[in-house]
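Read the structure below first, then the notes.
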Amino acid sequence: MTLAARVIPCLDVADGRVVKGVNFENLRDMGDPVELARHYAAQGADEITFLDVTATVDGRATTHDVVRRTAEQVFVPLTVGGGVRTTEDVARLLSVGADKIGVNSAAIARPELVGEIADRFGAQVLVLSLDVKRSDRTPSGFVVTTHGGRTETDLDAAAWAREAIERGAGELLVNSIDADGTKDGFDLELVALMREISSVPVIASGGAGAVADFPPAIAAGADAVLAASVFHSGALTVGDVKQALREAGVTVR
């Protein structure tokens with residue numbers, strides 16, 4: 001898909017602070033999002049993703065301020081998700097400095113939103129965020145969840161991804177809820193499934209714990225790798241990950 005694999009730190013933001021937990025629970029404060037974004041950009045991050053994990057009305061206003069301040073200081077692409085329900089929400093986030101917008105729950109509730117965003121702003125702006133769990137209830141073996149993995153839908157993850165791409169999604173951010181925060185490695189079976197059905201770039205998310213976890217995700221078909229806790233804790237730098245990818249024969253920026 002892409003010529004060079006991308007490394008993307010993810011900032012889960014609640015009430016203007018970066019937080020992190022395990023399987024989306026027991027969130028801990030990890031620092032100031034603007035400072036962290038600046039830190040990761042200096043390390044060579046290809047993009048930075050902000051996810052507003054509370055997405056209340058107040059939280060969204062806070063997120064707008066965080067995105068604006070980050071865009072003024074950090075010159076790598078910013079993807080912002082959480083609480084996006086309308087094309088007007090997208091317009092406001094783009095106006096304060098976001099480059100791409102992630103949608104999840106609102107697109108599940110009303111799939112037409114995907115096409116509306118793509119038609120107005122272009123597919124390149126739209127990232128479909130998929131929070132996925134293993135399940136024996138769906139043909140692919142994976143089910144889409146909402147509310148940070150707490151609520152299972154009836155949607156087969158592969159079928160929903162395919163439909164969203166047909167409607168105009170320009171990229172898939174595929175997060176394994178089972179692996180999230182565990183540091184046991186990416187769900188390679190999930191990554192390979194999404195690569196098989198996707199005609200757009202796939203971002204692998206959930207489970208990174210060591211540099212050795214990243215090359216297999218690219219080998220399984222990811223165009224980009226996203227991680228949070230290993231960067232926030234200082235266990236790894238973006239440079240460490242890029243070096244591991246280079247040593248595995250992966251082209252990075």
Side-chain angles (χ1 to χ4, degrees), residues 1-10 12 20-24 45-47 49 51 79 102 104 127-145 148-149 152-153 155-162 164-165 169-233 235-238 240-253:
M1 294 295 301
T2 49
L3 292 176
R6 288 168 289 149
V7 178
I8 306 173
C10 181
D12 293 327
K20 192 58 191 165
V22 177
N23 306 125
F24 279 62
D46 298 299
E47 299 176 16
T49 293
L51 297 179
T79 298
N104 183 352
V127 179
L128 182 76
S129 186
L130 293 156
D131 288 332
V132 176
K133 270 184 178 174
R134 288 178 173 270
S135 171
D136 55 10
R137 298 191 298 110
T138 60
S140 73
F142 294 95
V143 67
V144 175
T145 72
E152 287 192 15
T153 69
L155 289 174
D156 179 271
W160 169 233
R162 197 180 286 115
I165 292 166
E171 198 162 24
L172 302 179
L173 170 51
V174 184
N175 184 46
S176 168
I177 295 295
D178 302 306
D180 178 77
T182 63
K183 301 184 183 178
D184 291 333
F186 294 95
D187 187 329
L188 302 180
E189 186 182 344
L190 175 60
V191 174
L193 170 69
M194 290 299 168
R195 171 75 289 139
E196 187 180 322
I197 61 99
S198 179
S199 57
V200 301
V202 172
I203 304 168
S205 169
V211 287
D213 294 331
F214 291 88
I218 300 295
D223 300 276
V225 282
L226 178 147
S229 358
V230 288
F231 293 139
H232 303 338
S233 67
L236 298 178
T237 67
V238 173
D240 293 336
V241 173
K242 288 193 170 186
Q243 184 59 31
L245 291 173
R246 283 190 200 97
E247 289 173 0
V250 177
T251 301
V252 294
R253 296 176 183 175

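As the structure is a computational prediction, the values presented were derived from the model and not from experiment. FYI, the numbering just counts along the sequence from 1.
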**Message:** Considering only residues two or more places apart or on different chains, which pairs with a residue in residues 199-223 satisfy ring pair (Phe, Tyr, Trp, His ring centres under 6.0 Å)?
**Reply:**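 Of all non-adjacent pairs touching residues 199-223, those that pass ring pair (Phe, Tyr, Trp, His ring centres under 6.0 Å) are Phe186-Phe214.
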Quick one: [atom1] on [X] to [atom2] on [Y], what's the gap to the nearest 0.5 Å?
X      : Y      : atom1 : atom2 : result
Leu226 : Thr49  : CG    : OG1   : 5.0 Å
Arg162 : Ser198 : CZ    : OG    : 10.0 Å
Asp223 : Arg195 : CG    : CZ    : 4.5 Å

**Request:** Would you please name every residue forming a side-chain hydrogen bond (donor to acceptor under 3.5 Å, both in side chains) with Glu152, sequence neighbours left out?
**Result:**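 Listed in chain order: Arg137.
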**Prompt:** With Ser140, which residues qualify under side-chain hydrogen bond (donor to acceptor under 3.5 Å, both in side chains), at least two apart?
**Reply:**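 Per chain and number, Ser140 pairs via side-chain hydrogen bond (donor to acceptor under 3.5 Å, both in side chains) with Asp156.
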Are the side chains of [X] and [Y] in touch, meaning some heavy atoms are under 4.5 Å apart?
X      : Y      : value
Phe231 : Val238 : yes
Leu236 : Val211 : yes
Phe142 : Lys133 : no
Val191 : Val174 : no

Who are the side chain to side chain contact (heavy atoms under 4.5 Å, CB included) partners of [X], not counting sequence neighbours?
X      : answer
Asn104 : Ile108, Ser129, Asp131
Ala161 : Leu130, Leu172, Met194, Ile197
Val127 : Thr79, Lys100, Glu171, Leu173

**Message:** Before you tell me yes or no, could you show the steps for Thr153 and Trp160 under side-chain contact (heavy atoms from CB on, under 4.5 Å), namely the whole-Å CA-CA distance, both residues' side-chain angles and the distance that decides it to 0.1 Å?
**Reply:** CA-CA 11 Å; Thr153 69; Trp160 169 233; over 6 Å; no
Closest heavy-atom contact between [X] and [Y]?
X      : Y      : value
Val144 : Ala157 : CG2-CA, 3.6 Å
Thr182 : Asp178 : CG2-O, 3.5 Å
Cys10  : Ala228 : O-CB, 3.5 Å
Gly170 : Val200 : O-CB, 3.4 Å

Just by modelled atom types, is the [Y] backbone N or O under 3.5 Å from a matching donor or acceptor in the [X] side chain?
X      : Y      : value
His232 : Pro9   : no
Asp180 : Ile177 : no
Ser135 : Val143 : no

**Prompt:** Applying side chain to side chain donor-acceptor pair (under 3.5 Å), which residue pairs with at least one partner in residues 201-214 are found, sequence neighbours left out?
**Reply:**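 Qualifying pairs, neighbours excluded: Asn175-Ser205.
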**Request:** Run the numbers on Arg134 and Asp187 for side-chain contact (heavy atoms from CB on, under 4.5 Å), then give the verdict.
**Result:** CA-CA 10 Å; Arg134 288 178 173 270; Asp187 187 329; 3.0 Å; yes
**Ile203 and Ile8: CA distance, side-chain angles, deciding distance, side-chain contact (heavy atoms from CB on, under 4.5 Å) verdict** = CA-CA 9 Å; Ile203 304 168; Ile8 306 173; 4.2 Å; yes
Quiz: residues 241-250 side-chain donor-acceptor pairs under 3.5 angstrom, not counting sequence neighbours:
from, atom 1, to, atom 2, distance (Å)
Lys242, NZ, Gly44, O, 2.8
Lys242, NZ, Asp46, OD1, 3.1
Lys242, NZ, Asp46, OD2, 3.3
Lys242, NZ, Arg253, O, 3.3
Gln243, OE1, Arg246, NH1, 3.4
Gln243, NE2, Glu247, OE2, 3.1

